[in-house]
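For reference, the structure discussed in these notes is given below.
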Amino acid sequence: MNREQDLEALRRMLRIRRFEEAAMDIVRKGQGIAGSVHICIGQEAAIVGSCLALRDDDYIVGYHRSHGHPIAKGAPLGPLMAELMGRRTGVCHGKGGSMHLADFGVGSLGETAIIGAGIPQAVGAAYSARVRGTDQVALAFFGDGAANIGSFHEGLNLASVWGLGVVFVCENNLYAMSTALADTMASESIAARAAAYRMPGVVVDGQDVAAVFDAVDAAVERGRSGGGPTLVEARTYRYRDHAEYGNMDLSHRPPDEVEHWRSRDPVELFRARLLADGVAEDQLAAVAESAAGEVRAAVAFAKRSPQPAPEELFEDLWATPLDAAPAEASR
Amino acid sequence: MNREQDLEALRRMLRIRRFEEAAMDIVRKGQGIAGSVHICIGQEAAIVGSCLALRDDDYIVGYHRSHGHPIAKGAPLGPLMAELMGRRTGVCHGKGGSMHLADFGVGSLGETAIIGAGIPQAVGAAYSARVRGTDQVALAFFGDGAANIGSFHEGLNLASVWGLGVVFVCENNLYAMSTALADTMASESIAARAAAYRMPGVVVDGQDVAAVFDAVDAAVERGRSGGGPTLVEARTYRYRDHAEYGNMDLSHRPPDEVEHWRSRDPVELFRARLLADGVAEDQLAAVAESAAGEVRAAVAFAKRSPQPAPEELFEDLWATPLDAAPAEASR
Amino acid sequence: MRTMSYREALREAMLEEMRRDPAVVVFCEDGRFWTMPTNGFVDEFGPDRVPVMPISEEGFTGAAIGAAMTGLRPIVDYTIANLMYVAWDQIVNHAAKNRYLFGGQASVPIVFRAAMKYANATAAQHSDRPYPQLMNVPGLKIVVPTTPADALGLLKSAIRDDDPVVFFEPLRLWGVKGEVPDGDHLVPLGKAAIAREGRDVTVVAIGDAVPAALKAAAELARQGVELEVIDPRTLVPLDKGAILASVDKTGRLVIADPAHKTCGAAAEIAAIVAEDGFSSLRAPIARVVAPDVHPPFSPALERLMYPTPERIAAAATALVGSPKELAVP
Amino acid sequence: MRTMSYREALREAMLEEMRRDPAVVVFCEDGRFWTMPTNGFVDEFGPDRVPVMPISEEGFTGAAIGAAMTGLRPIVDYTIANLMYVAWDQIVNHAAKNRYLFGGQASVPIVFRAAMKYANATAAQHSDRPYPQLMNVPGLKIVVPTTPADALGLLKSAIRDDDPVVFFEPLRLWGVKGEVPDGDHLVPLGKAAIAREGRDVTVVAIGDAVPAALKAAAELARQGVELEVIDPRTLVPLDKGAILASVDKTGRLVIADPAHKTCGAAAEIAAIVAEDGFSSLRAPIARVVAPDVHPPFSPALERLMYPTPERIAAAATALVGSPKELAVP
Ligand SMILES: Cc1ncc(C[n+]2csc(CCOP(=O)(O)OP(=O)(O)O)c2C)c(N)n1
Ligand SMILES: Cc1ncc(C[n+]2csc(CCOP(=O)(O)OP(=O)(O)O)c2C)c(N)n1
Ligand SMILES: [Mg+2]
Ligand SMILES: [Mg+2]
């Protein structure tokens, strides 16, 4: 990454961090975020490093831990926060909520609450690009838990056989809910599974945004130039428990494990690196303040947005309405 | 294999061959086998070599190309042939037909018409053995086409993580219907995929019944003694097209490929080996005659068996009938 | 007018639409094989639009969704309706829901083709008629054509529709020939056909129960009982108006459907009439459907499963009282 | 009598049956986690009977089938009903069919548990009520208990049943407490409960529409309209006798069900009554169900989806003509 990209990486990581802190605050205070909220704090480098390697018109598909992906892809924050609050101004008109953020305007094709299901959808987006004659690539985010489900296998095989420009990014945070990856997968690493599809598989330090960028950038380059798919496993950690469902903490994790990963906070690590590289403290503070300001504005926007009206229940279901059929009935 | 096993191997291969020839004959003459009939002629060594390595109380699960598996596991032929003819004496009372042979009496837990679906069921049978404290192993047969479906991935992973005694036997006949494996799988071999689950994967000559026996025997031994699952890929070939649906031949295959595999007929190869090993011609002829006689008897049994009576439509659905509920209705 | 089989109509519809719109692609295992209606398409449209398909129903259905959300119009052919179950999550949780979940940001224009192999001795895992299950899922349009003209016209409309359409084909009808209008023949979704007019009993028939109902009608007509046979053609959206209007005329309703009874399409049609056409009804509603048991392999048993002219005629006759003796072949 | 929550009843049922029968095992992702009703089971029953579960719904459902055909009695907990779609092929093509396909050579005694998280702001992919889809599949018994006593008694019966049973739990009811008989409390499958007797309108209510119907009944009683509330508890086999007897008494039927309308359980119940109870009916049948649209995330919209006391009362009132003003809270 060049300096400009460095600062953009920091900005996007901070947007995610502040956005999620604000969301947790609203949840805690009961101010209007309902349902399951999965926080990705701790994983920002894996997410942002990946998205920064993409073009604006490239595609991403994500999963239930969904806030970071569209933010990292460049989505405006207001409609995302309004979505979490179920407002009509939400990016999905309040239909999707926290697990289903999507902003097609920035190539974010949506997040799914079904583990693994987004993987083949990303393959389809890359296939679509080829048929339409563009060189867009598609990136699928998924968790370590998804590596044991059928769609992972089928999606990777399809991308490989069809030679598509897909980057599979596993945010391996070591756990699926309470279950340690080591207990559910005998393979040495998720990246090692790439060999079963004759595609490159790489493990990267998911707390190091530049390392993630480099790995994904190479994969994107490969994909865009017709070299086929790549599997990137970013080793990372989430700092909150699975979801914000009250009195959840990380007490069931080994304390030294938690300590180790907290000491490798991706935002702190990167800020320290930039300082060491000679970036001025002021500049970093300005980036931080702008991110925080965007989040404050997004929260304000969401809170003042109206609830959807009852008739909106029936909107957005059909592209062409059901009663389009003429009344006359004859063969 | 010892000499006794050699002769048993030959007998079972010949049972399969004659059984299927008889079935094709009935289909051709329109004498009462309806539906899809998938012939495994050419693949007998892979099937018999595998089953001979099992104990009588071990389990097998198979797929749509289903006749060979229960025969190789030792099922009596009459009820199998009656099943193909949809008779009430059929091993499944005429409910299953050609794609669903099963003989629980010999550990044949059934064949499925859904690609890949039997794989996790075999895993469950091995799991069951462990919970019940027996040392039975389970063997899953599947085709090369099944290696691209989710159940393959999930089944192998589960068996590996749970450390179960499962042997996964892929009858790789190079094609799934008309589709060449090379077009749908980028991996070097199916066996190579075993590494993704940290289990051994071996490729074996599927036309050599002794080689298959040795590979599966080692895998069974491993499984039975708590060493976990193994993937065995038997390279073989089917001599008929996908199914017996009229005017199907192998004309869409490269002629020299067909020629090559026909020259490696598993029954002929093994008979030649036994002769070279000094087994008397007479003895082989006696085995051949007994197999042919069993098939003739099976056909006769099937043909003289009655069609199911209309009320049998409703039998076999429930273990405990639906109207078991008492009439009285109150909380 | 042209004469073609149902199967040829399927091929023709796909050919015409693929020529018309480069966004149309076909996902089908062995789709290039001579037994398939898309045989030869790869030569005209190239391997990108007719890609080789691993046995990965879940995967390629997901891929179709990703493609549909980004500008393509995939036709996904499962070849056997039961294989949809393998991809059920992608069909039900994603194809049907994504437009709604994402607030209308993208549509999912896919046609899911599913041949139903029942009455063909392929046993329970290959003989299902799963449209009732999918009728319970909002967001999917559901079509069951019964003539070559409707197969052609509805498949073309389905391919052009911006929503996911599930297209169920009774395999028994694939070989049936019929007249098909020339030119760009489109049949709109959501519009029933009155396959035969009659005043005494309305028979709403689905799939290959339509020809069975027409046979029953021809037979009963000789005895002075006039059946009105309605072929909904599209199950979602259902042309309720056509059904209610007919029941309003006849006062009696038989629903003939090869799918299972409980929570079937026939149950829905009965419920609609019991709600909105109750005052027209002069007799109980009768369902002539498959019993709640799986299709058995044995042809001797399987032929007891589905609606026949005899069963339909008997049900209709029971509703009007008992006229002269029946002699349906 | 003991007092326990629905959730505690689920736990108690599994505990009692696992203690009683060493063949009972539990498959559940994160089943050992403190949020799950099976938390702590591994300590008592060991890791073999409560194995660690990768995210592999299709795989572990298949494994449960293989285990069930060879002597075990697995309880498979999907934790969220929508996740069954991932395993649909194994449930529909195998668990429901294998006994029939193999001519009764083996049974498939599995309990599939599925919590339904609707009315909980988890949006369309986590809020389904898929029992109507499975009611269309022969070979599965289907249960939707609504009280702690029934949750306990039906889950124990389901575990002992030799057929596959799908056990749907409205998550909204997990926290509800109630009295539960002491001892080995079993409730038979296939037997409806008359949750309240009444003479004017029969309300067949499913899942958490039962408490809603009871509220509506209490309110209407004050106005002189007596609802009879029937909780089928088991949807397959359905206690048709209890429903028909009630309609025979009241002449009017409302069906209240949180599942989608088209081809739903309410459609089936309506069809049964339109067929076999037609002569008892004095008014059209009314369905108070979820509209055919997905559950939206936004609580402001989602609360419009499901049957409420108001909607049920309004439907019942419309059937009896219009009595005095309603004031349901
Ligand atoms: C197919 C499916 N199975 C199970 C679940 C329930 N579930 C939601 S999140 C989760 C854990 C996912 O772990 P991972 O993929 O590692 O993502 P993480 O939550 O760690 O980011 C599970 C089991 C689901 N949503 N979908
Ligand atoms: C899930 C599923 N997808 C597709 C089919 C249709 N189909 C039946 S057999 C077959 C080919 C299977 O090939 P393979 O596994 O190699 O077995 P083989 O027929 O070569 O023995 C296909 C695609 C099916 N039955 N099930
Ligand atoms: Mg994880
Ligand atoms: Mg093959």
Side-chain angles (χ1 to χ4, degrees), chain C residues 57-58 82-94 96-97 100-101 123-125 128 130-139 236 238 253 255 259-279 281 283-287 291-294 296-297, chain D residues 57-58 82-94 96-97 100-101 123-125 128 130 132-139 235-236 238 253 255 259-279 281 283-287 291-294 296-297:
Chain C
E57 281 79 7
E58 216 179 353
N82 292 59
L83 304 181
M84 304 181 85
Y85 298 141
V86 180
W88 209 251
D89 170 63
Q90 289 289 351
I91 298 170
V92 172
N93 268 333
H94 305 267
K97 292 177 179 169
Y100 192 74
L101 268 178
Q125 290 179 344
D128 275 356
Y131 41 84
Q133 295 178 51
L134 292 177
M135 288 170 72
N136 191 244
V137 178
V236 179
L238 184 68
L253 176 61
I255 310 153
H260 289 127
K261 183 169 196 171
T262 296
C263 290
E268 178 59 26
I269 292 167
I272 288 169
V273 174
E275 279 183 327
D276 297 334
F278 182 72
S279 59
L281 278 176
I285 295 170
R287 288 186 278 177
D292 285 327
V293 71
H294 303 295
F297 161 70
Chain D
E57 282 78 6
E58 216 178 352
N82 292 59
L83 304 181
M84 303 182 86
Y85 298 141
V86 180
W88 209 251
D89 170 63
Q90 289 289 351
I91 298 170
V92 172
N93 269 333
H94 305 267
K97 292 177 180 171
Y100 192 73
L101 268 178
Q125 290 180 343
D128 275 357
Q133 295 179 53
L134 292 177
M135 290 170 72
N136 191 244
V137 178
L235 295 174
V236 179
L238 184 68
L253 175 61
I255 309 152
H260 288 126
K261 183 170 196 170
T262 297
C263 289
E268 177 60 26
I269 292 167
I272 288 169
V273 173
E275 280 184 326
D276 297 334
F278 183 73
S279 59
L281 277 176
I285 295 171
R287 288 185 279 178
D292 286 326
V293 71
H294 302 296
F297 161 70

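Just so you know, these numbers use all the heavy atoms, side chains as well, and skip hydrogens, waters and symmetry mates. If you're wondering where the values come from, they're calculated on a predicted model, not measured in any experiment.
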| Among D/Ala96, D/Gly277, D/Ala123, D/Ala283, who wins on heavy-atom pairs under 4.5 Å with chain C? | D/Ala283
Would you mind checking which part of [X] comes under 4.5 Å of any heavy atom in chain C, side chain (CB onward), backbone (N, CA, C, O), both or neither?
{"X": "D/Leu83", "result": "neither"}
{"X": "D/Phe278", "result": "side chain"}
{"X": "D/Leu101", "result": "side chain"}
{"X": "D/Ile272", "result": "both"}
{"X": "D/Asp128", "result": "side chain"}
{"X": "D/Ala87", "result": "neither"}

| field | Candidate pair C/Met135 and D/His260, rule side-chain contact (heavy atoms from CB on, under 4.5 Å), full reasoning | value | CA-CA 9 Å; C/Met135 288 170 72; D/His260 288 126; over 6 Å; no
| task | Say whether, by atom type as modelled, one donor and one acceptor occur between the side chain of C/Asn136 and the main chain of D/Pro130 under 3.5 angstrom. | result | no
| task | Would you mind checking which part of C/Ile269 comes under 4.5 Å of any heavy atom in chain D, side chain (CB onward), backbone (N, CA, C, O), both or neither? | result | neither
| said: With chain D as the partner, which of C/Met84, C/His94, C/Glu58 has the greatest number of non-hydrogen pairs under 4.5 Å? | reply: C/His94
| message | Looking only at heavy atoms and a cut-off of under 4.5 Å, which of C/Asp89, C/Leu253, C/Leu134 has the most pairs with chain D? | response | C/Asp89
